[in-house]
Amino acid sequence: GDLLGQAIVAAVTPAGGASLTAAQVQRHCLEHLDSYMIPKSVVIRPSLPMTVSGKINRVALQQEAVA
C-alpha cells in the first residue's frame, strides 16, 4: 500500500545474469514481508545508478520512478 502518499517501488538487478521476473519478486515479498512493505511495482534493471562514492543513487531511482 501507500505510506504517507508514496507507493513502494522495488528496483531489482538480478545477480550474475540470472533471469528474474517482477512476479517472482512480488511473490517472494508476499512470503517474507508484512503487507504494508510489499512493493506496488517492481522494475527489473540491468544495473542500478550509482553515486560517485559507490552507493546506490536513490535520488536518481526516485526520479526515474516518478517520470
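Keep in mind it's a predicted model, so treat the numbers as computed, not measured.
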Using side chain to side chain contact (heavy atoms under 4.5 Å, CB included) as the criterion, list what pairs up with Val59, not counting sequence neighbours.
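Per chain and number, Val59 pairs via side chain to side chain contact (heavy atoms under 4.5 Å, CB included) with Asn57, Gln63.
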For Val43, which fellow cluster members are found when Ile, Leu, Val, Met, Phe, Trp and Tyr are connected by side-chain heavy-atom distances below 4.5 angstrom, either directly or through intermediates?
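Members other than Val43 - counting any ILVMFWY side chain reachable under 4.5 Å - are Val9.
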Taking atom OG of Ser47 and atom CD1 of Ile56, what is their separation to the nearest 0.5 Å?
10.5 Å
Output every pair passing ring pair (Phe, Tyr, Trp, His ring centres under 6.0 Å) with a member in residues 37-62, not counting sequence neighbours, ordered by first then second residue.
none
Filter on ring pair (Phe, Tyr, Trp, His ring centres under 6.0 Å), then keep only pairs touching residues 7-29, sequence neighbours left out; what's left?
His28-His32
Strictly by salt bridge (Lys or Arg N to Asp or Glu O under 4.0 Å), give each pair with a member in residues 7-31 just once, sequence neighbours left out.
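Listed by first then second residue: nothing to list.
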Could you work out, with side chain to side chain donor-acceptor pair (under 3.5 Å) as the rule, every residue matching Ser53, not counting sequence neighbours?
Thr51
Going by atom type alone, with no hydrogens or angles, which donor-acceptor pairs under 3.5 Å involve a side-chain atom of residues 11-23 and a protein atom two or more places apart or on another chain?
{"from": "Thr13", "atom 1": "OG1", "to": "Arg45", "atom 2": "O", "distance (Å)": "3.4"}
{"from": "Thr21", "atom 1": "OG1", "to": "Gln24", "atom 2": "N", "distance (Å)": "3.1"}
{"from": "Thr21", "atom 1": "OG1", "to": "Gln24", "atom 2": "OE1", "distance (Å)": "3.3"}

Shared hydrophobic cluster for Met50 and Leu61 (ILVMFWY, side-chain gaps under 4.5 Å)
yes
Between the side chain of Gln26 and the main-chain N/O of Pro39, is any donor-acceptor distance below 3.5 Å?
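Judged by distance alone, yes, a pair lies under 3.5 Å.
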